[in-house]
Protein chains: 2
Amino acid sequence: MPLGSGSGATHSQQTYAESVTTNSASSAEPGNRRILLVEDEQTIADVVRDYLLKAGFQVDMAGDGFTALELAASRQPDLVILDRMLPGLDGVEVCRRLRQSMSVPVIMVTALGTEDDRILGLEMGADDYVTKPFSPRELVLRVKSVLRRSIKEFTPEPPVEAAGFELDPASRTVTHRGVPLALTVREFDLLAFLMRRPHQVFSREELIKAVWGWDFGDLSTVTVHVRRLREKIEANPTKPELLKTVWGVGYRFDGKRSEADNVRPDSSVRVDSDVRVDSDVPVDMGEGDHGRQ
Amino acid sequence: MPLGSGSGATHSQQTYAESVTTNSASSAEPGNRRILLVEDEQTIADVVRDYLLKAGFQVDMAGDGFTALELAASRQPDLVILDRMLPGLDGVEVCRRLRQSMSVPVIMVTALGTEDDRILGLEMGADDYVTKPFSPRELVLRVKSVLRRSIKEFTPEPPVEAAGFELDPASRTVTHRGVPLALTVREFDLLAFLMRRPHQVFSREELIKAVWGWDFGDLSTVTVHVRRLREKIEANPTKPELLKTVWGVGYRFDGKRSEADNVRPDSSVRVDSDVRVDSDVPVDMGEGDHGRQ
DNA sequence: CACAGTTCTTACGGATTCCATACACTTGTG
DNA sequence: CACAAGTGTATGGAATCCGTAAGAACTGTG
């Protein structure tokens with residue numbers, strides 16, 4: 001649905017976004033992200049702004065190149081959408097100067113999909129491209145995509161701490177009360193995934209999808225790696241206290257809540273008095289990006 | 001309202017000035033920056049001075065080339081705005097002499113946007129360009145931009161110290177407990193990159209992108225250089241204590257883990273590692289742009 | 001208690017990853 | 001032009017990890 005043919009149907013966006021967003025870290029979501037929209041045609045600008053707002057972004061607008069540069073400097077947006085054709089200062093020139101002074105990602109909107117524009121724009125440092133006529137839906141998707149990339153680049157994942165374990169993705173180290181543990185890649189990823197979602201049960205399918213990035217495969221792989229991980233983090237791997245198995249369902253990491261928690265030393269207390277086996281457990285997989293076809 | 005085409009109407013200045021001053025608090029920080037404005041046409045000079053003053057700069061003015069050189073020497077401005085056409089001494093010549101004696105950034109104001117002028121000016125060492133007729137708003141923006149750049153350029157990277165190693169980017173030297181080490185260019189860059197981001201793992205891809213500036217290439221290059229670097233900085237290269245390898249991930253520099261440690265790792269220049277093929281990223285940039293720079 | 005389903009445990013071959021060395025190419029120098 | 005230093009690539013081998021299989025142990029049910 002190219003721009004200009006009215007608004008409407010912003011709902012399918014959700015579906016689209018989900019299928020596209022293979023593994024979105026929640027941090028990449030619109031949240032507090034600010035977009036600077038530089039477009040001289042008022043009608044287009046309005047429509048796009050509406051879409052961006054609906055997607056949850058904050059939007060600043062500029063109608064010409066100079067205003068754009070000023071706003072970029074004063075508002076420090078997280079991303080700039082830039083029309084190639086502008087009164088006053090050319091879009092390419094604006095992009096070039098933006099790049100000189102700051103490191104904000106830029107999406108170029110170019111009138112015709114001529115090769116010249118694409119090449120020129122990319123050389124100027126645009127991070128992505130949209131050619132007129134374009135669908136605002138597509139634009140929003142690209143915005144999210146570019147943001148996701150740039151955020152990933154500039155914001156490393158923060159460390160996690162639980163039950164005396166400190167896990168730092170930046171250095172890929174895990175320490176238990178200061179003592180470093182030697183985990184392998186898979187073990188680390190698995191532990192990281194679980195530590196970020198404590199007290200939440202995950203089936204083997206979910207884990208092999210989230211941590212391994214597979215859509216199929218031998219589930220016993222998970223079992224074995226859980227075993228190996230326990231060997232390294234549990235005081236008594238036979239009687240796990242942290243990485244517990246929820247019988248018939250999967251695994252769960254119990255960190256924190258450690259002191260006042262032990263509801264009853266009596267081990268007969270079944271953990272899952274209310275474990276529903278909903279097939280559609282919402283799993284926000286943020287950790288693994290290993291594609292295996 | 002372009003300047004320089006005629007003498008008239010400097011009144012709408014007020015409107016412009018407002019939009020200009022809005023972002024006076026931004027990063028360019030005119031603060032105490034001093035600008036030398038060299039312009040023989042009094043009307044233009046006055047208007048531009050007003051804009052610069054409103055933007056928060058201190059302004060010195062000169063009407064001819066000789067005065068310009070004298071003022072430049074005596075006032076030590078942070079930037080010079082230089083008209084190409086001057087009585088007495090040509091703008092290009094002034095620029096050339098300025099460049100001989102000091103390293104101040106120069107913005108050229110040239111009468112016509114002819115190619116000759118651009119080329120000549122750039123050869124003379126102008127940092128940026130404005131062609132008459134120009135808008136004073138644009139000029140202010142360029143001043144800020146150039147200043148920002150030059151500040152960045154002339155602020156040298158500070159030395160780093162870790163684990164008895166002192167690395168000074170300015171002199172490109174490394175010493176270990178006072179003893180100088182003979183590192184090659186690549187070794188130095190690699191070590192510098194890692195020492196600035198201690199306790200942070202980088203994959204070979206990230207390193208070859210960040211240190212080598214390649215987007216592709218044989219990753220074993222990194223391996224070998226790490227090996228060579230270890231040969232020079234490790235007591236026992238076979239059992240590295242500083243430049244550690246993180247199996248299946250990459251390398252990490254571990255220096256200084258004693259005192260103030262839990263500092264958030266420098267988030268500045270992360271490079272994206274995962275070469276995931278985002279389905280929604282339209283990668284149709286020419287297939288063959290494999291320039292290795 | 002027997003049975004079926006699930007999980008644990010161990011072990012092993014293959015695959016991956018890294019290291020060490022050697023070699024070819026470029027560049028600057030005398 | 002020879003030479004040396006620096007750099008990128010190729011290769012064999014060692015170290016490590018991973019996925020799978022297969023049997024033992026466990027759990028809940030009838």
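Order of the sequence lines sets the chain letters (A, B, ...), proteins ahead of strands, with each chain counted from 1.
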Is [X] close enough to [N] that one of its side-chain N or O atoms is under 4.0 Å from OP1 or OP2 there?
X        : N      : result
B:Arg230 : C:dC19 : yes
A:Arg204 : C:dT7  : yes
A:Ser220 : D:dA21 : no
A:His225 : D:dG19 : yes
A:Trp212 : D:dG19 : yes
A:Arg227 : C:dT10 : yes

What is the distance, rounded to the nearest whole Å, between atom [atom1] of [X] and atom [atom2] of [N]?
X        : N      : atom1 : atom2 : result
B:Trp214 : D:dG8  : CH2   : P     : 5 Å
B:Trp247 : C:dC18 : CH2   : C1'   : 7 Å
B:Leu229 : D:dG8  : CG    : C1'   : 16 Å
A:Leu190 : D:dC17 : CG    : P     : 16 Å
B:Leu207 : C:dC18 : CG    : P     : 12 Å
B:Lys244 : C:dC19 : NZ    : P     : 14 Å
A:Arg172 : C:dT17 : CZ    : P     : 13 Å
A:Glu231 : C:dA11 : CD    : P     : 12 Å

4.5 Å side-chain heavy-atom contact, B:Ser220 and B:Arg204: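 Result no, sub-4.5 Å side-chain heavy-atom pair not found.
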Presence of donor-acceptor pair under 3.5 Å, side chain of A:Arg228 and base of D:dG19: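 By the distance-only test, yes, there is a pair.
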Ignoring hydrogens and angles, are the base of D:dG8 and the side chain of B:Arg186 linked by a donor-acceptor pair under 3.5 Å? no
Looking at B:Asp168 and B:Phe188, what are the two nearest heavy atoms and their distance?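 B:Asp168 and B:Phe188 have their closest heavy atoms at O-CZ, 3.8 Å.
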Assert: residue with more 5' nearest nucleotide on DNA chain D, out of B:Lys232 and A:Val222, is B:Lys232
For the OH atom of B:Tyr251 and the CG atom of B:Leu190, what is their distance to the nearest 0.5 Å? 9.5 Å
Determine the contact category for A:Thr184: base if any of its heavy atoms lies under 4.0 Å from a base atom, sugar-phosphate if only primed atoms, P, OP1 or OP2 are that close, otherwise nothing. sugar-phosphate
Check every strand shown and say whether A:Val224 touches a base, only sugar-phosphate, or nothing at a heavy-atom separation below 4.0 Å.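 Base, at least one base heavy atom under 4.0 Å.
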N-O pairing of B:Lys209 and B:Glu205 below 4.0 Å: no
Side chain to side chain donor-acceptor pair (under 3.5 Å) partner of B:Glu187, the single match among B:Arg228, B:Arg230, B:Lys232: B:Lys232
Nucleotide of [options] approaching [X] most closely (side-chain heavy atoms):
X        : options                : value
A:Thr245 : D:dA10, D:dG19, C:dT7  : C:dT7
A:Thr223 : C:dT9, D:dA15, D:dA21  : C:dT9
B:Tyr251 : C:dC19, D:dT9, D:dC17  : C:dC19
A:Asp218 : D:dT20, D:dT16, C:dA20 : D:dT20

For the pair B:Phe165 and B:Val160, evaluate side chain to side chain contact (heavy atoms under 4.5 Å, CB included) and give the outcome as yes or no after the intermediate values. CA-CA 8 Å; B:Phe165 287 87; B:Val160 210; over 6 Å; no
